[in-house]
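This is the structure I have questions about; it appears just below.
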Amino acid sequence: MERYIKRSSAIRKRLQSNANQQMRVRAAWLYYIEGLTQSEVAKKLGVNRIAITRLLSDARKCGEVIIRIKSDVAPIVELQRKLETAFSVSQAIVAPFSDESDDPTLVIASAAGTFVSQLMTHNLTVGVGWGRTLHAMLQFLEGRSLDGVRVISLLGGIARARKFNPAEFAWQFAEKFGAEGFLIPAPAIVDSPRTKHALLEYCGLEQIIEMAEACDVALLSCGGISSLTTSYRVGHLSEAERVSLKDAGAVGDILYNFLDRDGRLLDHPVNDRSISISVERLKRISNKVLISGGPEKTEILLGALNLLRPSILITDEMTANRLLEINS
């Protein structure tokens with residue numbers, strides 16, 4: 001009986017310790033990453049502001065916060081394991097995110113920046129996509145000079161976009177690591193399949209696509225289609241084309257390859273006009289990191305997971321739960 005009491009006491013202490021750690025890390029994430037005030041954090045967690053001050057202090061003393069949050073939260077780890085099992089990914093990284101009505105871009109970008117910074121090493125060839133999440137990731141990268149690194153853009157450029165431009169992102173990423181950059185000197189969408197064929201066959205673009213197919217790792221994001229997201233805002237696709245794609249079953253795109261929810265590439269004229277690495281070639285890259293999240297991107301994430309079988313998924317807590325729910 002005495003042994004049972006001691007064991008029960010030990011279990012209770014361990015559970016309490018885990019609960020305390022979870023509260024500390026959630027408070028630190030809301031304060032340091034999501035940028036909430038201590039009063040706002042206190043309101044979200046249902047405690048007073050003095051408790052938040054103490055939690056943040058304890059998190060620093062425990063070594064759980066060094067600019068970024070290092071410690072995992074038990075429920076988040078469980079969620080990551082569920083994603084890994086459900087979608088056969090080698091590793092799922094889930095950023096804690098407390099408000100489903102808010103935009104998770106920044107917290108996903110922070111988690112991705114930590115992972116990619118650790119991933120980068122000498123003599124690595126990296127293929128890169130584009131989008132708001134990847135662009136936001138730049139501020140969280142730990143840049144350093146590496147030898148023999150090559151960065152290859154996986155799709156053409158966008159003339160009207162300055163901030164969210166595939167070419168601009170690829171160059172900025174390459175500069176972070178002193179890498180050599182390779183771009184596709186053509187629009188991401190051209191006027192006809194004939195133009196696409198001519199550019200690939202006679203203008204040297206095929207050589208860059210072949211380099212992209214042989215890269216060591218691809219960093220990818222995806223775009224939804226239900227509203228005017230990045231690609232549509234810059235005018236590459238008209239509203240009529242967006243509606244047409246949606247009517248055909250598109251839920252979004254990977255590198256302007258438009259997919260349905262099950263991960264099938266649509267038979268649509270827009271897909272025949274995109275200048276990017278093809279889905280078949282993209283699938284041959286052994287290490288693919290899919291970085292995305294948010295309510296609008298749940299279905300395209302599901303499609304991309306079904307089609308590409310990425311090795312790494314980086315998303316937020318709310319999106320992870322939605323993915324598991326619609327996949328069940």
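Only heavy atoms go into these numbers, but all of them, side chains included; no hydrogens, no water, no symmetry mates. We're numbering straight along the sequence, starting at 1.
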Joint hydrophobic cluster, Ile291 plus Leu138, side-chain heavy atoms closer than 4.5 Å:
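Yes, it is one cluster - the side chains of Ile291 and Leu138 are joined through contacts under 4.5 Å.
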
Just grab all the side chain to side chain donor-acceptor pair (under 3.5 Å) pairs involving residues 174-192, residues at least two apart or on different chains.
Asp191-Thr195, Ser192-Thr195

To the nearest 0.5 Å, tell me how far Arg81 CZ sits from Leu79 CG.
11.5 Å

Could you check whether any side-chain heavy atom of Asn257 comes within less than 4.5 Å of a side-chain heavy atom of Ser276, counting everything from C-beta outward?
yes

Let me check something: any side-chain donor-acceptor pairs from residues 305-315 under 3.5 Å, sequence neighbours excluded? List them with distances.
{"residue": "Asn306", "atom": "ND2", "partner": "Leu302", "partner atom": "O", "Å": "3.2"}
{"residue": "Ser311", "atom": "OG", "partner": "Lys288", "partner atom": "N", "Å": "3.1"}
{"residue": "Ser311", "atom": "OG", "partner": "Lys288", "partner atom": "O", "Å": "3.1"}
{"residue": "Thr315", "atom": "OG1", "partner": "Ser292", "partner atom": "O", "Å": "2.8"}

Side chains of Met211 and Glu206: closer than 4.5 Å at any heavy-atom pair?
no

Lys NZ or Arg CZ of Arg144 over Phe177 ring: under 6.0 Å, within 45°
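No - Arg144 does not lie over the ring of Phe177 by the 6.0 Å and 45° rule.
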
Would you call Arg284 and Glu280 a salt bridge, using N to O less than 4.0 angstrom?
no

Evaluation steps, side chain to side chain contact (heavy atoms under 4.5 Å, CB included), between Phe258 and Leu265:
CA-CA 6 Å; Phe258 286 86; Leu265 186 66; 5.9 Å; no

Got a sec, which pairs hit salt bridge (Lys or Arg N to Asp or Glu O under 4.0 Å) with one end in residues 314-327, sequence neighbours left out?
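Every salt bridge (Lys or Arg N to Asp or Glu O under 4.0 Å) pair that includes a residue of residues 314-327, provided the two are not neighbours, is Arg26-Glu317, Glu100-Arg322.
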
Measure the CZ-OG distance between Arg132 and Ser221 for me, rounded to the nearest 0.5 Å.
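Answer rounded to 0.5 Å: 9.5 Å.
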
Met120 and Val149: side chain to side chain contact (heavy atoms under 4.5 Å, CB included), yes or no, with the steps?
CA-CA 9 Å; Met120 296 300 295; Val149 174; 3.8 Å; yes

Got a salt bridge between Glu239 and Arg242, using NZ or NE/NH1/NH2 to carboxylate O under 4.0 Å?
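A salt bridge links Glu239 with Arg242.
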
Before you tell me yes or no, could you show the steps for Val251 and Lys297 under side chain to side chain contact (heavy atoms under 4.5 Å, CB included), namely the whole-Å CA-CA distance, both residues' side-chain angles and the distance that decides it to 0.1 Å?
CA-CA 8 Å; Val251 293; Lys297 296 185 179 182; over 6 Å; no

